[in-house]
Amino acid sequence: MTGADGVRVSAPQLIVIFGATGDLARRMLFPGLYRLARAGMMPADFRVIGSGRRSPGTDEEFRERIAGGVREFAADHYDDDAWRDFAGRLSFTPSSADDGADLAEAVREAREELGEGTRTLLYLSVPPNAAQAMIGMLDATGLAADAALVMEKPFGEDLASARELDAAVARAVPEERVFRIDHFLGKEAVRNLLVLRFANGLLETVWNRDHIAYVQIDVPEEIDIQGRASFMESTGTFRDMVSTHLSQILGFVALEPPVRITAEDLRAEKLKVYRALRPIDPADVVFGQYEGYREEDGVAADSQVETFVALRAWVDNWRWQGVPFLLRTGKAMAATGHRVTIGFRRPPSALFGAGVFDGDARPDELVVELGDRPELSLDIRVKEAGAGLRLHRRGLRYAPSEDGAADAYEKLLLDAMRGDQTLFTGAAEIERLWEVCEPVLQDRPATRAYPKGSWGPEEALRLAGPRGWALADGDGD
Ligand SMILES: NC(=O)C1=CN([C@@H]2O[C@H](COP(=O)(O)OP(=O)(O)OC[C@H]3O[C@@H](n4cnc5c(N)ncnc54)[C@H](OP(=O)(O)O)[C@@H]3O)[C@@H](O)[C@H]2O)C=CC1
Ligand SMILES: O=C1O[C@H](COP(=O)(O)O)[C@@H](O)[C@H](O)[C@H]1O
């Protein structure tokens, strides 16, 4: 069971994946589609056409390549019969920004085969600097007509290119068929953040600057760039992770109660947060690069590209004035984690005296794990049982069973197939985020080296102030 909420897609689907030989397609998209098919969530009739500039060989060779990813990344769900059925629906047709004629023909044939009512989903899993030219091709060949378009993040590379890209998308596909994907929004725990905040009277009353001292959004990764040199060299971690995933999480933590849980209302509330988000001061940002990055294949010997970012952001509105939002992410770090930490202010007087604490001086914290096990915990002070008075920090924990957790890509693929835009991002919020990021893109902080397997450069540890980063040695997914 995928946990992707149990509703099967009914209309026949033709899915075209651009960048089908890339990392995302291999690790997430094809294994995700396979798992959905195996769980009976795909329609009875569907086909998947992979595309890209370089052909991986015959259709059989393409299927073999995809089989490797499915065996590795959907290992628990792999069985030969299910794979054979899925593989029979896969093919590859090359295309490029300059030439989409063969692909347009393959799509026409596949749609005819699948029959009336077939929906076409075009999935652009290509680097941001390739997206606009690809949209031009989809428009010129007629491939975009009647199709839904899923676009991977980051959307553009800065404010100017994002605006151009949005204009190109608007010419090719009406907004109700555009799905700008940020897979962090498909993570179980991100939706749980909304539930936590707005289904619990208790929490919403303290969700503001009067009670919250800091927010940390921390997504360290143990993996290095895993051969994605070309992507990292052209994109960097600030664009890859901060202007996208981490800012989206910040939006969900900080937004006002939406009128309803709809795409329109969530986007409107996030946009309000981002309009209040102060343009990021480069002095509040630390860029790092892991030692050995420059020796990776495809990386320039003098590359200044950041594989690590830590920063402090401020939301200048009524609710959040004066509360620092600390964001951190990087490759080749000490642990992998996806953690939002909300630190509450201390009570006004130290009634119990410093001597009775167990040595852990941290304030109460609410911790939301965004990883595969979307746990929640509230760390508070309790009295140790016994005659004396000793205070300990203890967690009230909620840990859902792994079985129920939907994979983010499966959830969002299903939503896109069904035409549900609720968890997809809007053009206006993305453009505003680029505006907020612009000072850092214009005036990049120096890139500082950090050892592989560490928590990043020293400067980043200092950025968090005396409290430090909530995720530290011994923590992680
Ligand atoms: N990898 C990951 O973990 C994640 C990636 N993403 C996003 O997915 C997208 C793809 O990333 P990823 O798969 O890692 O990248 P890769 O570099 O591994 O793959 C990108 C694919 O795009 C194609 N491509 C590259 N340049 C161009 C171009 N100029 N025109 C047309 N096609 C091009 C390549 O195929 P060919 O050369 O054959 O055309 C390649 O297969 C990015 O936007 C990334 O931000 C999002 C979430 C996670
Ligand atoms: O979009 C991306 O996300 C992954 C991290 O996603 P996760 O769900 O595994 O946490 C990151 O490794 C990749 O660089 C980036 O493009």
Side-chain angles (χ1 to χ4, degrees), residues 17-32 50-57 62 65-66 69 73 92-100 103 123-138 150-157 165 180-190 217-249 298 305-309 329-333 335-339 369-372 374 405-413 476-477:
I17 298 183
F18 296 90
T21 54
D23 179 73
L24 178 69
R26 192 178 92 82
R27 289 193 306 117
M28 302 287 182
L29 302 182
F30 285 106
S51 195
R53 295 167 303 177
R54 290 161 299 141
S55 166
F62 174 60
R65 186 185 174 112
I66 300 302
F73 297 103
F92 189 95
T93 305
S95 70
S96 70
D98 305 322
D99 186 2
L103 181 64
Y123 197 122
L124 274 192
S125 176
V126 299
N129 54 10
Q132 194 176 334
M134 294 296 290
I135 303 277
M137 180 276 279
L138 297 178
V150 183
M151 294 182 64
E152 264 300 341
K153 43 61 59 179
F155 312 91
E157 300 173 281
L165 184 57
R180 296 176 189 82
I181 197 166
D182 184 307
H183 78 277
F184 271 44
L185 300 194
K187 287 182 187 283
E188 186 80 7
V190 174
I217 301 172
D218 205 359
V219 185
E221 296 185 272
E222 278 175 278
I223 53 166
D224 59 18
I225 58 165
Q226 309 253 286
R228 295 167 72 208
S230 144
F231 177 78
M232 185 55 87
E233 283 285 278
S234 62
T235 307
T237 294
F238 186 71
R239 288 185 172 94
D240 181 28
M241 298 291 288
V242 177
S243 68
T244 55
H245 304 319
L246 273 63
S247 297
Q248 286 295 327
I249 304 294
V305 166
E306 75 290 355
T307 60
F308 170 99
V309 181
T329 185
K331 299 277 191 265
M333 290 182 63
T336 294
H338 302 75
R339 182 178 288 192
E369 301 287 355
L370 307 175
D372 292 341
D407 169 85
Y409 270 102
E410 288 172 46
K411 160 81 186 137
L412 294 174
L413 280 163
D477 284 353

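Positions are given from 1 along the sequence. One-based numbering, in listed order, for ligands and for the atoms of each. Below, all heavy atoms of this structure are taken into account, side chains as well, without hydrogens, waters or symmetry copies.
- Looking at heavy atoms from C-beta onward, H245 lies in side-chain contact with D182 at the 4.5 angstrom threshold.
- Ligand 1 is approached by P154 to a heavy-atom distance shorter than 4.0 Å.
- With hydrogens left out, the protein atom closest to atom 19 (O) of ligand 1 is G22 CA, 3.3 Å, a heavy atom.
- Distance from atom 14 (O) of ligand 1 to its nearest protein heavy atom, with residue and atom name: R228 NE, 2.9 Å.
- Looking at atom 46 (C) of ligand 1, its nearest protein heavy atom turns out to be E152 OE1, 3.2 Å.
- With hydrogens and angles disregarded, a donor-acceptor distance shorter than 3.5 Å links the side chain of T237 to the backbone of E306.
- Under a 4.0 angstrom heavy-atom cut-off, R27 registers as being in contact with ligand 1.
- Considering backbone and side-chain atoms together, G52 places no N or O closer than 3.5 Å to any N or O of ligand 1.
- Salt-bridge formation is not detected for the pair D407/K411: no Lys NZ or Arg NE/NH1/NH2 atom is positioned less than 4.0 Å from an Asp or Glu carboxylate oxygen.
- Looking from atom 32 (N) of ligand 1 to the surrounding protein, the closest heavy atom is V126 CG1, 3.6 Å.
- Counting protein heavy atoms only, atom 10 (C) of ligand 1 is closest to S125 O, 3.4 Å.
- The two residues P128 and P154 make their nearest non-hydrogen contact at CB-O, 3.4 Å.
- Counting protein heavy atoms only, atom 45 (O) of ligand 1 is closest to K153 O, 2.7 Å.
- When the heavy atoms of Y409, F184, F92 are ranked by distance to atom 47 (C) of ligand 1, first place goes to Y409.
- Protein residues having a heavy atom under 4.0 Å from any atom of ligand 2 are K153, H183, F184, K187, E221, R228, D240, M241, H245, K331, H338, listed by chain and number.
- Among D23, L24, I17, the residue whose heavy atom sits closest to atom 8 (O) of ligand 1 is L24.
- Nearest to atom 39 (O) of ligand 1 by heavy-atom distance, out of R53, M137, M151, is R53.
- Looking only at heavy atoms of the protein, atom 30 (N) of ligand 1 is closest to A130 CB, 3.4 Å.
- A distance-only check finds a donor-acceptor pair linking the side chain of T329 to the backbone of V219 [under 3.5 Å].
- Applying the ring pair (Phe, Tyr, Trp, His ring centres under 6.0 Å) criterion to F92, with sequence neighbours excluded, gives F62.
- Between Y409 and H183, the ring-plane angle classifies as parallel under the 30° and 60° cut-offs.
- A heavy-atom separation below 4.0 Å is not found between S230 and ligand 1.
- Taking a 4.0 Å cut-off on heavy atoms, P127 registers as neighbouring ligand 1.
- Residue, atom and distance of the protein heavy atom nearest to atom 21 (C) of ligand 1 are G19 CA, 3.6 Å.
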